[in-house]
Each structure stands twice: as structure tokens, then as C-alpha cells.
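Below: one structure, written as C-alpha cells.
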Amino acid sequence: MAWILLFLAGLAEIGWAVGLKYTAGFTRLVPSALTIGAMIVSLALLGLALKSLPLGTAYAIWTGIGTVGTALLGIWLFGESADWLRLGCIGLIVAGIIGLKLAASA
């Protein structure tokens with residue numbers, strides 16, 4: 001269950017990271033409220049997952065999910081670069097997330 005909470009926390013982190021772009025510096029009410037809500041949900045779920053997961057592993061996976069998801073949505077939603085170097089680096093982050101999960105399960 002902790003891994004599911006951590007995954008959901010990572011998804012919420014993607015939500016607030018992307019949401020920041022839509023807040024226009026927290027000058028737009030609805031995007032700002034949704035972004036702050038996603039921040040709260042993300043941290044709450046991370047906190048619950050940390051009850052039974054190692055801190056370093058959980059934090060690295062949480063930020064990795066957020067980093068990969070935000071980078072991919074940046075490419076898709078905002079036309080950011082999708083060159084091979086960038087995609088390769090995203091792949092390395094994914095490999096690191098998988099490696100940390102496997103190491104935590106061992």
C-alpha cells in the first residue's frame with residue numbers, strides 16, 4: 001500500500017509542478033488553488049508512504065516520478081525540446097527509479 005501511496009504522491013507532484021506554469025506567478029485564482037491543493041495532497045501522501053518506506057528511497061522515487069512526468073508534460077504541453085539527449089536523460093531517471101524500487105524490495 002505504501003508504494004501505491006508513493007506513486008500517487010508522485011502523480012500529485014507532477015500536477016503541482018505543471019500547475020505552477022498555469023498560475024502565472026500565483027496571479028490566477030483557480031490554477032493557484034488547484035496547484036496548492038495538489039501540493040498538499042502530494043506531501044500528505046508522501047508522509048503516509050514514509051511510515052513504512054525508507055526515507056532516501058521514497059524521496060528519490062517521489063522526486064523522480066515528478067521529474068519524469070513534469071519533463072514529459074513539458075514536452076507535450078509546452079513544446080519543450082524532445083531531443084535524444086534529453087529523452088535519454090529522462091530514461092536514466094526512470095532506470096534509477098526502477099533500481100531504487102528493486103533495491104528497496106530486496
Side-chain angles (χ1 to χ4, degrees):
M1 185 63 173
W3 290 107
I4 293 170
L5 292 173
L6 183 60
F7 179 72
L8 294 173
L11 293 180
E13 184 186 6
I14 296 167
W16 71 256
V18 172
L20 284 173
K21 184 78 168 173
Y22 292 103
T23 68
F26 290 102
T27 60
R28 298 178 62 215
L29 180 60
V30 173
S32 296
L34 292 172
T35 299
I36 291 168
M39 288 175 176
I40 293 167
V41 168
S42 182
L43 288 173
L45 291 172
L46 175 63
L48 291 172
L50 285 173
K51 289 171 123 178
S52 60
L53 296 177
L55 172 64
T57 300
Y59 183 76
I61 290 174
W62 176 67
T63 58
I65 291 168
T67 301
V68 169
T70 302
L72 292 175
L73 283 176
I75 292 167
W76 185 51
L77 294 174
F78 306 117
E80 296 175 1
S81 170
D83 62 36
W84 287 109
L85 179 59
R86 184 168 187 183
L87 294 175
C89 290
I90 291 170
L92 290 172
I93 295 168
V94 171
I97 293 168
I98 293 168
L100 286 168
K101 168 63 172 97
L102 293 173
S105 298

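Along the sequence shown, residues carry numbers from 1.
- Residues satisfying the salt bridge (charged side-chain N to carboxylate O under 4.0 Å, His left out) criterion with R86, sequence neighbours excluded, are E80.
- Here the shortest heavy-atom pairing between I75 and A82 reads CG2-CB, 3.7 Å.
- Judged as a side chain to side chain donor-acceptor pair (under 3.5 Å), and not counting sequence neighbours, T27 has no contacts.
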- E13 and L45: side-chain contact (heavy atoms from CB on, under 4.5 Å), yes or no, with the steps? CA-CA 10 Å; E13 184 186 6; L45 291 172; over 6 Å; no
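- No option in L85, L87, I93 other than L85 meets the side chain to side chain contact (heavy atoms under 4.5 Å, CB included) test with C89.
- A single hydrophobic cluster is seen to contain both V68 and L77, as judged by linkage of ILVMFWY side chains at heavy-atom distances under 4.5 Å, directly or through other members.
- A 4.5 Å side-chain heavy-atom check between L6 and L46 finds at least one atom pair inside the cut-off.
- The shortest distance between side-chain heavy atoms of I36 and W16 does not fall below 4.5 Å.
- Neither F26 nor L34 shares a network with the other; the hydrophobic side chains, linked directly or stepwise wherever heavy atoms of I, L, V, M, F, W or Y lie under 4.5 Å apart, form separate groups for each.
- Scanning all heavy atoms of the two residues, the minimum distance from A38 to G15 falls at CB-C, 4.3 Å.
- I97 and G64 get closest at one heavy-atom pair: CD1-C, 3.3 Å.
- Residue pairs meeting the ring pair (Phe, Tyr, Trp, His ring centres under 6.0 Å) criterion with at least one member in residues 75-102, sequence neighbours excluded: Y22-F78.
- Taking hydrophobic clusters as Ile, Leu, Val, Met, Phe, Trp and Tyr residues chained together by side-chain heavy-atom distances below 4.5 Å, L92 does not share a cluster with I61.
- Taking 4.5 Å as the limit, some side-chain heavy atom of L43 sits within range of a side-chain heavy atom of W62.
- The distance from atom OG1 of T67 to atom CG of L72, rounded to the nearest 0.5 Å, is 10.5 Å.
- Residues M39 and L11 do not share a hydrophobic cluster, clusters being chains of Ile/Leu/Val/Met/Phe/Trp/Tyr side chains in contact below 4.5 Å.
- The CH2 atom of W3 lies 6.0 Å from the OG1 atom of T57; values are rounded to the nearest 0.5 Å.
- With a 4.5 Å cut-off on side-chain heavy atoms, T70 and K21 do not count as touching.
- Of the inter-residue distances, the one linking L8 atom CG with I65 atom CD1 reads 9.0 Å to the nearest 0.5 angstrom.
- In the hydrophobic clustering of this structure, V41 groups with L5; members are Ile, Leu, Val, Met, Phe, Trp, Tyr whose side-chain heavy atoms approach within less than 4.5 Å, directly or through other members.
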